[in-house]
2 protein chains.
Amino acid sequence: MSLESVPPKYAQLVQALQRRIESGDYPPGSMLPSENQLINEFGVSRPTVVAALRVLREQGWIESQQGKGRFVRGRPVTASVEQSRPGQAHLTSPETSSDGEVTEVAALVAPERIATLLDIAPKSKAFLRRRLISRDGGPAEIVSAWVPLELTEGTDLTSADLLTEGLGEHLRSRKGVRFDHIVQQITARMPTADEAKRLGMPKNTPLLAVYGAVRDASGQALAVVEVLLPADRHELEDVYPIG
Amino acid sequence: MSLESVPPKYAQLVQALQRRIESGDYPPGSMLPSENQLINEFGVSRPTVVAALRVLREQGWIESQQGKGRFVRGRPVTASVEQSRPGQAHLTSPETSSDGEVTEVAALVAPERIATLLDIAPKSKAFLRRRLISRDGGPAEIVSAWVPLELTEGTDLTSADLLTEGLGEHLRSRKGVRFDHIVQQITARMPTADEAKRLGMPKNTPLLAVYGAVRDASGQALAVVEVLLPADRHELEDVYPIG
DNA sequence: CCCAACAGGTTGTTTTACCAAGCTAGAGCG
DNA sequence: CGCTCTAGCTTGGTAAAACAACCTGTTGGG
């Protein structure tokens, strides 16, 4: 009875082949050993080899041509897409994990865009939790979380203290709602005088504004996160495959 | 000898189950029939059923819990991410498929950001192909494609005529290079006087600038696409799952 | 010489079979 | 009554075998 569970054989094969590709043993463009060669070398059956190669193909490490063989593409780049999703980190990680101060905690009339994304009536109230995030010793971004009033009852969101768990985890444990997907909008506008002052930015440079509407699996709006970034100091970057 | 090829059985099963989920026959949250039930109903073997269910799980239609069963999540929302990839369409579809005019076709000194993304020396020349795209009867966006000089030899890129095939297809057939992935940067800045005039936009509203650096599988830069959108009339929107 | 047919390699799909791991409900015992 | 444990369900993983589809180089015959 071993307490440490061993990964399945096909997953071990995936890792072994990934290591060989990264080490240059199987350079990009070269042909991978055939299924029969891998069966003999690793002492596993064909379905196991095929399962491992399927995973590698779906992850973008290799491509296959029926009748010819499988060819190395290299380490896939799909992993870094999260970088252009600024709202996501603020939803899942606790507020204590980033350097910043809570600037506003109140129930306010939601701006038109927020009301639309939250699926509430125009000019009606929603709960705002706004923070000024600092990086490298200076103010870097303004992050605002808007939550429908009925979702804030019985939660710690109305406290000015920093949340020790992520917003998603907090709402899930207290209110039983589950974050499923985000509808993200990116736009740009000029900062207000107050925003420019808080962020310490010149008044003639624009703001990048990222809106993330969080929904559950049925499409019900649960929260909206607004991230404001001075365009002269921050950009959004991500990598994705073509096809 | 049938000219029309039939899709594999597991793919047919995938489509059948997708239809049942979309029609509400298998509502979100409900449990899918067990493997044995599907085997009996569709008259296929277990690996075939498992292969279909694996595809559905990887695409986000269902989730599975060992020992309990598989549960419906609903139609996944990952399909619409392409909307926030403005550069991609301009790379794959022919210029004749969008309404617009070619405004510049020349070899110019590349701006600093373009030179960096193309991996060429600062202040060196690259080939520029710039178009003003119109939508709904007015100017909508400026699309600029920068290509290294050596990749333009023997191509039709230097012609002021509209390309009848996508830039990717053109470079692949003429130069043997293959587009693999895109490194995308999103930022905002104020328009130049010329840009504001061409786009018919107020001078005090910012521009959304999307830079897409196209690379092959080895990371070699092949082209850079710059898309300029007036922020008061266009935004970027995409949908992605959490987790 | 050229081209067609073939042989032997490759990956893709499907089947049958068996064991392991996890969950649930009910039987049975204290 | 309450608890434990087991029987029977579920999904997850592995093995062995066969056929189909596709590519390539060779071996022929024309």
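Bear in mind the structure is a predicted one, so any value in this text is a computation, not a measurement. Lettering follows sequence order; numbering is per chain, from 1.
Listed pair B:Y10 / C:dT14 fails the phosphate criterion, with no side-chain N or O lying under 4.0 Å from OP1 or OP2. B:K68 has a side-chain polar atom (N or O) that falls below the 4.0 Å cut-off from OP1 or OP2 of C:dT24. Checking the phosphate oxygens (OP1, OP2) of C:dT10, a side-chain nitrogen or oxygen of A:S34 falls inside 4.0 Å. At C:dG9, none of the side-chain N or O atoms of A:N36 fall inside 4.0 Å of OP1 or OP2 (strictly under the cut-off).
Salt bridge status for A:R54 with B:E58: present, with a side-chain N to carboxylate O gap under 4.0 Å. With respect to the salt-bridge test (charged N to carboxylate O, under 4.0 angstrom), the residues B:R19 and B:D25 do not qualify.
Within the 4.0 angstrom heavy-atom criterion, only backbone atoms of the sugar-phosphate kind lie near B:V44; the bases stay farther away. At the heavy-atom level, B:R54 lies nowhere under 4.0 Å from the strands shown. Looking at heavy-atom distances under 4.0 Å, B:P8 makes contact with sugar-phosphate atoms alone, never a base. Backbone-only contact: A:R70 has heavy atoms under 4.0 Å from sugar-phosphate atoms and none from a base.
In this structure, B:F71 places its CZ atom 17 Å from P of C:dG22, rounding to the nearest Å. Atom CE of A:M31 and atom P of D:dC23 are 15 Å apart (whole Å). The distance between atom CG of B:N40 and atom C1' of D:dT10, rounded to the nearest whole Å, is 15 Å. Taking atom CD of residue A:E35 and atom P of nucleotide D:dA16, one finds them 15 Å apart after rounding to whole Å. The nearest whole Å value for the distance from the CD atom in A:Q65 to the P atom in D:dT24 is 8 Å.
The side-chain heavy atoms of B:E226 and B:V210, taken from C-beta on, include no pair separated by under 4.5 Å.
For D:dG13, the base has a donor-acceptor partner in the side chain of B:R46 [N/O atoms by modelled type, under 3.5 angstrom].
A donor atom on one side chain and an acceptor atom on the other are found under 3.5 Å apart for A:Q185 and A:R113. A side-chain donor from one of A:S144 and A:R130 sits under 3.5 Å from a side-chain acceptor of the other.
For A:Q66, the side-chain atoms get nearest to D:dA20 when compared with the rest of C:dT15, D:dA20, D:dT14.
Comparing A:S64 and A:P47 by the nucleotide of DNA chain C that holds the closest heavy atom to each, the one mapping nearer the 5' end is A:S64.
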